[in-house]
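Notes follow the structure.
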2 protein chains.
Amino acid sequence: MAKSNPPFMSGVPELLLLRLLVNREMYGYELVRSIKEVTGEAISLGEGVIYPVLHSLERNGSLKARRKPVGGRTRVYYSLTKQGHGRLQDLQDDWRRIQGGIETALESPGHA
Amino acid sequence: MAKSNPPFMSGVPELLLLRLLVNREMYGYELVRSIKEVTGEAISLGEGVIYPVLHSLERNGSLKARRKPVGGRTRVYYSLTKQGHGRLQDLQDDWRRIQGGIETALESPGHA
DNA sequence: ACAATATACCTTGTGATTCGAGGTATCCAA
DNA sequence: TTGGATACCTCGAATCACAAGGTATATTGT
């Protein structure tokens, strides 16, 4: 019954999250703003995108979560596991492959 | 209600199609193979993606279609309209913006 | 003291997009 | 004559991203 492969260009939110978490552990709300910032406002992903992705990354073992009370609120800090590093590498390779493909297409003769 | 904006990274099939049609008119089946070729096999879009996009581009005035019998079959050749050139320019700008944003994110300190 | 905004987490419904599989028909080669 | 390539098309389902909401606490402004 039509077991669809993931859309050819999905996984960018995942990629960005994993990449940010290489440097240091961060929490969800922070990641939302951080993505906007590090992409120079080019990409803005809402909480409705980020939280579910974080949860799924945790479920599949790419991230581990740590609850940490700060003030009166609770933050959930995420950090990369070994698997997460592998996953990041894969996504990064995928991205470069398709990014390169598109670039080749756009640069071929016959300017726009 | 929730009138969703288009997903932040869609429109790549559209972009590739328009870009290919800058050089010369082409027909659907040809475009399917051509996309695979010009992207160095990095991107492979099936007919189920291409045909609907072509139809919608025709409907909104970016492309014009010309039916041409070849042998016993009929090919539908598409070519860019003036609007299509504008649309291509926009999509190309969008793409470069987000592509650049992701690159910035991936290249920031703290290697993978 | 009170209201508004910011922080911080979350889920749900919907909409847009892509995917895979199928359907039709013709042509050519084994 | 069977099968593969060409050439068009559509449909159902999976996937994803989006907006909007909901909860709760802290901070800032008035």
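Just so we're clear, the structure is a prediction, and the values are computed from it rather than from any experiment. Hydrogens, waters and symmetry mates play no part in the numbers below; they use all other heavy atoms, side chains included.
- Taking atom CZ of residue Arg73(A) and atom P of nucleotide dT25(D), one finds them 11 Å apart after rounding to whole Å.
- The interatomic distance linking Ile50(B) (CD1) with dT6(D) (P) rounds to 16 Å, in whole Å.
- At whole-Å resolution of the value, OH in Tyr27(A) and P in dA26(D) are 14 Å apart.
- Protein atom CE of Met9(A) is 9 Å distant from nucleotide atom P of dT18(C), rounded to whole Å.
- Put simply, Tyr29(A) has no side-chain N or O that comes within less than 4.0 Å of OP1 or OP2 on dC9(C).
- Heavy atoms only, all atoms of each residue included: Glu58(B) and Ala65(B) are closest at OE2-CB, 3.4 Å.
- Contact annotation for Arg33(B): backbone-only contact, meaning every heavy-atom pair under 4.0 Å involves sugar-phosphate atoms and none involves a base.
- Each of Pro7(A) and Val70(A) was matched to the nucleotide of DNA chain D holding its nearest heavy atom; the match closer to the 5' end belongs to Pro7(A).
- Gly48(A) comes within 4.0 angstrom of a base, heavy atoms only.
- Between the CZ atom of Arg75(B) and the P atom of dT26(C) there is a distance of 16 Å, given to the nearest Å.
- Contact annotation: Tyr51(B) does not reach the phosphate of dC9(D) (side-chain N/O to OP1 or OP2, under 4.0 Å).
- Under the 4.0 Å criterion applied to side-chain N and carboxylate O atoms, Asp93(A) and Arg96(A) are not assigned as salt-bridge partners.
- The pair Arg87(A)-Glu14(A) meets the salt-bridge criterion, with a side-chain N (NZ, NE, NH1 or NH2) lying under 4.0 Å from an Asp/Glu carboxylate O.
- Side-chain contact of Ser79(A) with Lys64(A): a donor-acceptor pair under 3.5 Å is present, judged by distance alone.
- The phosphate of dG20(C) (OP1 or OP2) has a side-chain N or O of Asn5(A) nearer than 4.0 angstrom.
- Between the C1' atom of dT6(D) and the NZ atom of Lys36(B) lies a distance of 15 Å, rounded to the nearest Å.
- The pair Arg66(A)-Glu25(A) meets the salt-bridge criterion, since a charged nitrogen lies less than 4.0 angstrom from a carboxylate oxygen.
- At whole-Å resolution of the value, CZ in Phe8(B) and P in dT18(C) are 13 Å apart.
- Distance NE2 (His55(B)) to P (dT17(C)): 16 Å, rounded to an integer number of Å.
- Comparing Pro52(B) and Tyr77(A) against DNA chain C, the residue whose closest nucleotide sits nearer the 5' end is Tyr77(A).
- Listed nucleotides dA17(D), dA14(D), dC8(D) differ in distance to Ser4(A); the shortest reach to its side chain belongs to dA14(D).
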